[in-house]
Amino acid sequence: MKVNGDEGEDKLTKEIEQVEESGSVVPTKLVVGYALTSKKKKSFMQPKLVGLARNKGISFIAIDPNRTLSDQGPFDVVLHKLPGREWCEVIEEYRQKHPEVTVLDPPNAVQHLHNRQSMLQDVADLNLSDSHGTVCVPKQLTITKDPSSIPNEVAKAGLKLPLVVKPLLVDGSAKSHELFLAYDQCSLSELEPPLVLQEFVNHGGVLFKIYIVGEAIKVVRRFSLPNISKRELEKLAGVFRFPRVSCAAASADDADLDPSIAELPQRPLLERLARELRQRLGLRLFNVDMIREYGTKDVFYVIDINYFPGYGKMPEYEHIFTDFLLSLPQIMYKKRPAT
């Protein structure tokens, strides 16, 4: 299984090695193997994380995906985010042979988030509504073939324009994250299935990224698409690509925003949502993209869920992640000799 690197990977590896070689020796409590794409390694395996982990007795070891996994290690924990069915089979076989190792996360659970048709079903099934707010999902429609039928299918389903257009499958490629906004019925037949059409919900141009690391929850604000009025909708036509809002540069945490738009969802609501999704999804490392319906105080929509997201963009991720690793069951009964 060949995984290609990039020009910055060697530099990052050297920086990590320098961190590992510096400082005093701390007994190893936990050995964490990681199999990540070059992009994920660059954003996540930062020297600051490696240094903090080392001081807490956590050792990170890079997994070579071109070698047999069982011949590497031994590991207490395996972090992974590599594309392809082949890797899923490798990591699942390893899980079966090594039940003593915590694999974050099980590949069959991760695969559930690779399809946008099923991704939000667990949220829809929650029917989450209490005194702290309501969480639901936008009305959506899945189209797998025949683009000429899309206008009719949209009308039959009762979806209202504009519609957010998303690729059906999330395979880690840049194309799978390309999102579009369709403003009129005629343009729908120009789309390329398979895809998911999702009703656009006005949300004041602010999105909440809810990062979940085990029991820990961290929320950040990101700038998003502005509201679209009925008057604007009457003037607009066509399908337009819109930029991704996940980058740290799009942070809205320090912006001077209307409090009714910027106020974070209440903590009890987030804790219940995270708890329910951890159980239903079988995942411990994921994030939820959520918006507040404009003009309401506590009506929220989940629009996306991502496995092992860009934690490097999450404030204090180094401390949160290392504390999480040390809280895993392995550390409680491990009898590895100090090294």
Side-chain angles (χ1 to χ4, degrees), residues 116-117 119-121 123-124 129 133-168 170 174-209 221-247 249-252 255-263 265 288-305:
R116 287 193 167 98
Q117 182 178 15
M119 176 191 293
L120 301 182
Q121 189 58 50
V123 181
S129 180
T134 300
V135 179
C136 45
V137 299
K139 194 171 183 179
Q140 67 178 33
L141 175 67
T142 300
I143 304 291
T144 58
K145 55 185 177 180
D146 189 11
S148 64
S149 69
I150 297 178
N152 185 50
E153 292 295 324
V154 166
K156 189 189 304 182
L159 266 64
K160 298 177 182 177
L161 295 165
L163 296 174
V164 180
V165 184
K166 302 180 178 183
L168 175 61
V170 185
K175 188 174 180 61
S176 70
H177 291 287
E178 288 183 351
L179 308 182
F180 298 84
L181 207 55
Y183 288 100
D184 69 290
Q185 200 86 359
C186 296
S187 299
L188 296 176
S189 57
E190 300 173 9
L191 301 175
E192 298 179 14
L195 50 82
V196 169
L197 300 175
Q198 202 174 77
E199 281 190 344
F200 178 79
V201 178
N202 281 335
H203 52 281
V206 172
L207 175 146
F208 303 104
K209 294 195 81 71
R221 301 179 189 87
R222 291 280 185 264
F223 284 117
S224 182
L225 294 181
N227 291 344
I228 301 172
S229 68
K230 290 183 178 180
R231 181 177 296 180
E232 288 175 310
L233 188 56
E234 291 173 355
K235 298 178 181 178
L236 294 168
V239 177
F240 298 91
R241 181 179 175 182
F242 59 83
R244 294 183 66 182
V245 296
S246 60
C247 63
S251 174
D256 185 17
L257 298 170
D258 183 337
S260 65
I261 295 173
E263 183 183 1
V288 175
D289 288 348
M290 193 161 81
I291 56 176
R292 173 191 282 112
E293 185 174 5
Y294 185 72
T296 73
K297 177 179 174 58
D298 55 9
V299 178
F300 299 95
Y301 288 84
V302 171
I303 58 175
D304 227 343
I305 305 176

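For clarity, every value in this text was computed on a predicted model and none was experimentally measured.
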Quick check: closest heavy atoms across Val206 and Ile291, and the distance to 0.1 Å? O-CG2, 4.0 Å

If we ignore hydrogens and angles and just use 3.5 Å, is the side chain of Lys139 paired with the main-chain N or O of Ala157 as donor and acceptor? yes

What is the minimum heavy-atom distance between Gly204 and Asn227, and which atoms define it? N-OD1, 2.8 Å

Do the charged groups of Lys156 and Glu153 touch, with an N to O distance under 4.0 Å? yes

Heavy-atom side-chain proximity of Ile228 to Leu181 below 4.5 angstrom: yes

Taking atom CG of Leu120 and atom CG of Asp289, what is their separation to the nearest 0.5 Å? 10.0 Å

Mind listing the closest non-hydrogen atom pair of Phe208 and Glu263 along with its distance? CZ-O, 3.4 Å

I'd like to know if the side chain of Arg241 and the backbone of Glu178 have a donor-acceptor N/O pair within less than 3.5 Å. no

Indicate whether any N or O donor in one side chain lies under 3.5 Å from an N or O acceptor in the other, for Glu190 and Ser187. no

Considering only heavy atoms from C-beta outward, does the side chain of Arg116 approach that of Met119 to under 4.5 Å? yes

I need the Thr134 OG1 to Lys297 NZ distance, nearest 0.5 Å. 13.0 Å

Going through the distances and angles, do Leu141 and Leu163 end up as a side-chain contact (heavy atoms from CB on, under 4.5 Å)? CA-CA 10 Å; Leu141 175 67; Leu163 296 174; over 6 Å; no

Any side-chain heavy atom of Val123 within less than 4.5 Å of one from Ile305? yes

Can you give each donor-acceptor pair under 3.5 Å made by side-chain atoms of residues 191-200, sequence neighbours left out, with the distance rounded to 0.1 Å?
unit_1, atom_1, unit_2, atom_2, d
Gln198, OE1, Lys166, NZ, 3.1
Gln198, NE2, Gln140, OE1, 3.0
Glu199, OE2, Lys160, N, 2.7

Looking at Leu188 and Ile150, what are the two nearest heavy atoms and their distance? O-CD1, 3.5 Å

Minimum-distance pair of heavy atoms, taken over all atoms of Leu236 and Tyr183: CD1-CE2, 3.4 Å

Could you give the distance from NE2 (His177) to NZ (Lys175), rounded to the nearest 0.5 Å? 13.0 Å

Can you name the closest pair of heavy atoms from Ser260 and Arg292 and give their distance? O-NH1, 3.5 Å

Would you give the length of the straight line joining atom CE of Met290 to atom OH of Tyr301, rounded to the nearest 0.5 angstrom? 12.5 Å

Sub-4.5 Å side-chain heavy-atom contact between Val201 and Ile303: no

